[in-house]
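One structure below.
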Number of protein chains: 2
Amino acid sequence: MTTTEAAAQSLSIGEVAERTGMSVHALRFYERERLLVGPVQRTSGGRRRYTSFDVDWLLICVKLRASGMPLADLKHFAELVRHGPGNEAERLRLLDAHRQRVDAQIQALEECRSVIAWKVGVYAEHLARGKARGLWDPTT
Amino acid sequence: MTTTEAAAQSLSIGEVAERTGMSVHALRFYERERLLVGPVQRTSGGRRRYTSFDVDWLLICVKLRASGMPLADLKHFAELVRHGPGNEAERLRLLDAHRQRVDAQIQALEECRSVIAWKVGVYAEHLARGKARGLWDPTT
DNA sequence: CTACGATCTAGAGTGAGGTCTAGATCAAGT
DNA sequence: ACTTGATCTAGACCTCACTCTAGATCGTAG
């Protein structure tokens, strides 16, 4: 076996990049910016070793980022978790506020979608009816 | 009456900013970047006068941007419309590709939403059951 | 005529979120 | 020992989409 044996317990930065879809650059950047709950462990040689907790946290980060949470909020959330139990109410507020923003975003996107779909329909119909007929309103 | 009389036909940049939700800076920027279909008309004094076509186009731009279309694609779309009839098939392709991206984005957001909602539930339950109990998995 | 706000231009600056580079070090295979 | 590829650090650099600045001009109200 290769590194896969020890990997059950800890992963290299490259392996974590693969599993999370982040780049190794981004992983180092996140650590520098204190976006992780704890500092990442190191081998005697100075290489990072990520635990499955780290990976789980990163997977959550990926979801939060994908849904538009700014890094500042992510950092705040990481700080809360870092300070341990006792601030769950604030974590809840943070996440719930974000959930509401995501809901709003989905709504907005669905509205955009229908506008776009309508325009797609206009073009499709235009093409179906045969090409180029005189006055073609560029805004429709 | 103020400017509202002539405004039925053409609007100042400030009025357009109000109606589209864009800033006057952004409006000038869009023009410089050739994101509008035509050049904006000017008064003898050099002030911009926007037609209702311009405004309609800008409202479409706003929707496309809000749904994540990059300015480069918007520019391409503007070019196609600028070159008049004959390229409707390409316009259709462009818009339809974007619609598909929007669909994917909505799907992704809904997935994020459910992950977040689940975590919100975890915190809510934790709080409901009374505070701080020993081993609290920071990743859940 | 004077003020004053809105607009003009060219170009510099901003903030978010990474991404890349250089030069060194580590670890594994042969 | 040598080669190769992954990783290390600090810090420069990048793209995107605006946003702002300075200094001039326009246009309207008083």
Side-chain angles (χ1 to χ4, degrees), chain A residues 1-7 10-36 39-50 54 58 61-78 98 101 105 112, chain B residues 1-7 10-36 39-50 54 58 60-78 98 101 105:
Chain A
M1 275 174 246
T2 60
T3 56
T4 322
E5 194 160 29
S10 83
L11 302 171
S12 73
I13 195 170
E15 289 165 331
V16 173
E18 244 182 273
R19 277 159 181 72
T20 59
M22 300 174 68
S23 71
V24 294
H25 299 295
L27 286 169
R28 291 193 276 248
F29 169 75
Y30 270 47
E31 190 178 354
R32 270 211 302 274
E33 296 293 310
R34 314 260 299 145
L35 296 167
L36 307 187
V40 178
Q41 314 250 89
R42 302 297 183 114
T43 65
S44 52
R47 270 79 216 279
R48 289 172 180 83
R49 296 268 93 200
Y50 292 82
D54 294 327
L58 284 166
C61 288
V62 166
K63 282 289 174 213
L64 292 174
R65 284 290 304 127
S67 50
M69 182 182 281
L71 292 191
D73 290 14
L74 203 45
K75 186 173 186 171
H76 185 192
F77 190 30
H98 182 59
R101 281 193 300 269
Q105 210 186 329
C112 294
Chain B
M1 279 164 249
T2 61
T3 55
T4 322
E5 193 160 32
S10 82
L11 302 171
S12 73
I13 195 169
E15 289 164 331
V16 173
E18 243 181 273
R19 277 159 180 72
T20 59
M22 299 174 67
S23 72
V24 294
H25 298 296
L27 286 169
R28 289 192 279 249
F29 170 75
Y30 270 46
E31 190 178 352
R32 268 211 303 274
E33 296 293 311
R34 314 261 298 146
L35 296 167
L36 307 188
V40 178
Q41 314 249 87
R42 302 297 182 113
T43 65
S44 51
R47 271 79 215 279
R48 288 171 179 83
R49 297 268 93 199
Y50 292 81
D54 294 327
L58 284 165
I60 290 163
C61 288
V62 166
K63 283 288 174 213
L64 292 175
R65 284 290 305 126
S67 51
M69 182 182 281
L71 293 190
D73 289 15
L74 203 46
K75 186 173 186 172
H76 184 191
F77 190 30
H98 183 59
R101 281 195 299 271
Q105 211 185 328

Could you state the atom-to-atom distance from [atom1] of [X] to [atom2] of [N] in whole Å?
| X | N | atom1 | atom2 | result |
| --- | --- | --- | --- | --- |
| A/Asp73 | C/dG17 | CG | C1' | 14 Å |
| A/Met69 | C/dG17 | CE | P | 11 Å |
| A/Phe29 | D/dC14 | CZ | P | 17 Å |
| B/Glu18 | C/dA6 | CD | C1' | 13 Å |

Among [options], which is the nearest nucleotide to the side chain of [X]?
| X | options | result |
| --- | --- | --- |
| A/Arg48 | C/dT21, C/dA6, D/dT9 | D/dT9 |
| B/Val24 | C/dG18, D/dT19, C/dT7 | C/dT7 |
| A/Ser23 | C/dA6, C/dT19, C/dA10 | C/dT19 |
| B/Leu71 | D/dT7, D/dA17, C/dC8 | D/dA17 |

So does B/Gln41 have more than 12 non-hydrogen atoms from other groups sitting under 6.0 Å from CD?
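Not more than 12 within 6.0 Å, no.
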Residues B/Asp54, B/Arg48: salt bridge by 4.0 Å N-O rule:
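No.
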When you check the gap from the basic side-chain N to the acidic O, do B/Glu31 and B/Lys75 get nearer than 4.0 Å?
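No salt bridge links B/Glu31 with B/Lys75.
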By the 4.0 Å heavy-atom rule, please label B/Arg28 as base, sugar-phosphate, or nothing.
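Base, at least one base atom sits under 4.0 Å.
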Sugar-phosphate only, base, or nothing, as touched by A/Arg42 at under 4.0 Å among non-hydrogen atoms:
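Here A/Arg42 touches the backbone only, sparing every base.
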Can you see if the side chain of [X] gets near the phosphate of [N] - specifically, an N or O under 4.0 Å from OP1 or OP2?
| X | N | answer |
| --- | --- | --- |
| B/Tyr30 | D/dC18 | yes |
| B/Ser12 | C/dA6 | no |
| A/Arg65 | C/dG17 | yes |

Given DNA chain C, 5'-ward residue of the pair A/Arg32 and A/Gly46, judged by closest heavy atom
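Looking at the nearest nucleotide for each, A/Arg32 comes out on the 5' side.
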When the nearest nucleotide of DNA chain C is assigned to A/Thr43 and to A/His25 on a heavy-atom basis, which residue is associated with the more 5' position?
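Of the two residues, A/His25 wins.
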Can you name the nearest heavy-atom pair linking A/Val24 to A/Ala17, along with the distance?
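It is CG1-CB, 3.9 Å.
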